[in-house]
Chemist: 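Please read through the structure below; I'll follow up with questions.
Just so you know, ligand 1 is whichever comes first in the structure, and atom 1 is the first atom listed for that ligand. Atoms considered below: every heavy atom in the structure, side chains included; atoms not considered: hydrogens, waters and symmetry mates. Residue numbers run from 1 in the order of the sequence given.
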Amino acid sequence: MSILVAGGAGYIGSHVCKMLNQKGFDIVVYDNLSHGYKEFAKWGEFIPGDISDEKLLENIFKYYNIEAVMHFCAYIEVGESVINPQKYYINNVSNTITLLKVMLKNNVNKFIFSSTAAVYGMPERIPIKEDDPKNPINPYGRSKWMVEQILEDYDKSYGLKSIRFRYFNAAGADEDAEIGEAHNPETHLIPLILDAALGIREDIKIFGTNYDTKDGTCIRDFIHVNDLADAHIKGLEYLLDGGETDYFNLGSGEGYSVREVIETVKRVTKKDFKVVETERRPGDPPYLIADSEKARSKLNWSPKYSLEEIIKTALKWHIKLRGKS
Ligand code: UFG
């Protein structure tokens, strides 16, 4: 029996594959390498392909004995989703429906889905609980929320059991620095600050210093990618044990401001660099902090990495990635 990991050559998918492999699962990694890297598909069998390719998926399901599917293939850039929503709805929604269609046809009914804190939009209260209102404010968030609703319908009508994980700010890297975050273009805060610390960028810009927060900058909940991976293993085991469809926030429950993250990078790297205060970035909620009590109690999950450890692991990987110390 194998686990099909769609998007297993990407940032979060590859960390999940490494952990699945350590736990003794057989894996088939399926990735079109549009945003993933062949070198990240180190564990299990790698098959290049796109989730829109129904025929190829059919063949994979026929050839391998697939027991469950984990789905990490998605476009994730909020700004791009506003400029080109079609790209997001076709890939994140329509192609996901194709993948589900092939699963149903082959009687595979266990599915783990990567969702996002962006389904909540501008949260009405902090920390955010799973049943708080879903008001996504961009096509990216809407595409994820659409799939979440589709999965509810597919359980009721077809008995497809799923776990949806709503990630907060995924960060950090593999402790051995074999894999890590390598987005192109990079828009995420921690890798950009590391670029400033390594002298690859001349500064880090703070997007907005007049939010109603303790120091005027946005507050985020950073969660280490291995803590996310651990939740995926627990979610998979839960479904394999006959668990019902469910959905969970995955965050540390701790909020750090953009300024605090910059200060932590300065402390960890022992480097000083220029910090430039600029305008707000449209669509940024002032606070995003998860209440992850449900994952803690139902999945027995508890995140282990502090912000400092997140930054230390990210730094080790980033030095390797940029080829510069
Ligand atoms: N930021 C800066 N300067 C930068 C980059 C980011 O100040 O150069 C700030 C942002 O404005 C934001 C914070 O750092 O306040 C974090 O930004 P990221 O881009 O790293 O992450 P987001 O919080 O925007 O993204 C997260 C998830 C997305 C999700 C989004 C929902 O990673 O998947 O929250 O708002 F869509």
Side-chain angles (χ1 to χ4, degrees), residues 7 10-12 35 72-82 85 88 92 113-123 126 128 132 134-148 164-172 181-197 200-225 228 249-252 254-265 273-290 307 310-311 314 318:
Y11 171 43
I12 299 172
H35 288 72
F72 298 95
C73 311
Y75 296 131
I76 59 160
E77 284 168 46
V78 170
E80 184 190 52
S81 81
V82 175
Y88 281 70
N92 295 6
F113 179 65
S114 303
S115 189
T116 169
V119 299
Y120 299 108
M122 293 288 173
I126 292 295
I128 305 168
D132 286 356
K134 315 301 175 298
N135 295 309
I137 53 169
N138 49 63
Y140 166 65
R142 273 191 284 279
S143 73
K144 292 289 185 176
W145 179 231
M146 281 176 192
V147 173
E148 287 212 32
R164 291 120 60 185
F165 284 126
R166 298 180 189 143
Y167 309 152
F168 280 65
N169 286 66
E181 196 167 7
H183 297 116
N184 189 13
E186 189 52 79
T187 59
H188 291 101
L189 181 64
I190 291 177
L192 291 176
I193 306 175
L194 290 174
D195 272 347
I200 291 162
R201 297 170 65 85
E202 65 179 41
D203 58 37
I204 181 72
K205 295 189 172 51
I206 300 183
F207 298 147
T209 52
N210 58 355
Y211 286 97
D212 188 13
T213 60
K214 57 185 171 189
D215 64 17
T217 66
C218 287
I219 308 278
R220 290 292 179 271
D221 178 339
F222 295 90
I223 181 79
H224 195 281
V225 64
L228 294 180
N249 285 340
L250 294 181
S252 68
E254 303 267 348
Y256 290 96
S257 74
V258 172
R259 282 193 211 279
E260 286 173 329
V261 178
I262 293 171
E263 286 315 310
T264 311
V265 173
F273 46 86
K274 203 165 141 194
V275 177
V276 178
E277 300 186 356
T278 60
E279 293 303 298
R280 291 181 177 200
R281 186 175 69 176
D284 274 337
Y287 287 92
L288 278 179
I289 302 175
L307 179 66
I310 287 174
I311 289 168
H318 211 77

Chemist: Is Glu260 paired with Lys214 through a side-chain N to carboxylate O contact shorter than 4.0 Å?
Modeler: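 Yes, this pair counts.
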
Chemist: Have Asn249 and Tyr120 got a donor and an acceptor in their side chains that come within less than 3.5 Å?
Modeler: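 Yes.
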
Chemist: Can you tell me how far the OG1 atom of Thr264 sits from the CD1 atom of Ile311, to the nearest 0.5 Å?
Modeler: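 Spacing of OG1 (Thr264) from CD1 (Ile311) equals 5.0 Å.
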
Chemist: Yes or no: does Asp284 have any heavy atom under 4.0 Å from an atom of ligand 1?
Modeler: yes

Chemist: Please identify which atoms of ligand 1 are closer than 4.0 Å to at least one heavy atom of Val78.
Modeler: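 Counting atoms of ligand 1 from 1, those under 4.0 Å from Val78 are 36 (F).
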
Chemist: Quick one: nearest non-hydrogen protein atom to atom 23 (O) of ligand 1, plus distance?
Modeler: Arg220 NE, 2.7 Å

Chemist: Under a plain distance cut-off of 3.5 Å, with no hydrogens placed, do Tyr75 and Ser81 share a side-chain donor-acceptor pair?
Modeler: no

Chemist: With heavy-atom distances below 4.0 Å as the criterion, list the atoms of ligand 1 near Thr187.
Modeler: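 Checking each atom against Thr187, I get 5 (C), 19 (O).
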
Chemist: Under the side chain to side chain donor-acceptor pair (under 3.5 Å) rule, what do Ser114 and Tyr167 come out as? Steps first, then yes or no, please.
Modeler: CA-CA 7 Å; Ser114 303; Tyr167 309 152; 2.8 Å; yes

Chemist: Please classify the Tyr167 to ligand 1 contact at 4.0 Å (heavy-atom distances, strictly less than): side chain, backbone, both or neither.
Modeler: neither

Chemist: Who gets closest to atom 14 (O) of ligand 1 by heavy atom: Asp195, Thr278, Val258?
Modeler: Val258

Chemist: Does Glu279 have more than 12 heavy atoms from other residues, nucleotides or ligands lying within 6.0 Å of its CD?
Modeler: no

Chemist: Write out the residue and atom name of the closest protein heavy atom to atom 24 (O) of ligand 1, then the distance separating them to 0.1 Å.
Modeler: Arg281 NH2, 2.7 Å

Chemist: Determine, using ring centers only, whether His35 and Tyr11 are less than 6.0 Å apart.
Modeler: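 So the answer is no for these two rings.
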
Chemist: Students should be able to answer this: which protein heavy-atom is nearest to atom 25 (O) of ligand 1, and at what distance?
Modeler: Asn169 ND2, 3.8 Å

Chemist: Please state which part of Ile204 comes within less than 4.0 Å of ligand 1, counting heavy atoms only: side chain, backbone, both or neither.
Modeler: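 Contact part for Ile204 vs ligand 1: side chain (C-beta onward).
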
Chemist: Any N/O of Ala118 closer than 3.5 Å to an N/O of ligand 1?
Modeler: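 Ala118 vs ligand 1: no N/O contact under 3.5 Å.
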
Chemist: Could you check atom 28 (C) of ligand 1 against the protein and tell me its nearest heavy-atom contact, residue, atom and distance included?
Modeler: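 It is Thr116 OG1, 4.2 Å.
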
Chemist: Suppose I only count heavy atoms of Leu288 and a 4.0 Å limit; which atoms of ligand 1 are within that range?
Modeler: 31 (C), 34 (O), 35 (O)

Chemist: For atom 20 (O) of ligand 1, what's the nearest protein heavy atom and its distance?
Modeler: Leu189 N, 2.8 Å

Chemist: Quickly, which of Val276, Ile262, Thr278 forms a side-chain contact (heavy atoms from CB on, under 4.5 Å) with Ile206? Name it, please.
Modeler: Ile262

Chemist: Can you tell me how far apart CD (Glu277) and CZ (Arg259) are? Round to the nearest 0.5 Å.
Modeler: 4.5 Å

Chemist: Identify the closest protein heavy atom to atom 3 (N) of ligand 1: which residue and atom is it, and at what distance?
Modeler: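 Scanning the protein heavy atoms, the shortest distance from atom 3 (N) of ligand 1 goes to Lys205 O, 2.7 Å.
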
Chemist: Please report which non-hydrogen protein atom sits nearest to atom 15 (O) of ligand 1, along with the residue it belongs to and the distance in Å to one decimal place.
Modeler: Cys218 CB, 3.1 Å

Chemist: Report the nearest protein non-hydrogen atom to atom 5 (C) of ligand 1: residue, atom name, distance rounded to 0.1 Å.
Modeler: Phe207 CE1, 3.5 Å

Chemist: Any atoms of ligand 1 less than 4.0 Å from a non-hydrogen atom of Tyr140? List them with their elements.
Modeler: 33 (O), 36 (F)

Chemist: State the OG1-CD1 distance between Thr213 and Ile126, to the nearest 0.5 angstrom.
Modeler: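 One finds 12.0 Å between OG1 of Thr213 and CD1 of Ile126.
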
Chemist: For Ile206, take its heavy atoms, then give the atoms of ligand 1 lying under 4.0 Å from any of them.
Modeler: 7 (O)

Chemist: Is there a donor-acceptor contact under 3.5 Å linking the side chains of Glu80 and Tyr88?
Modeler: yes

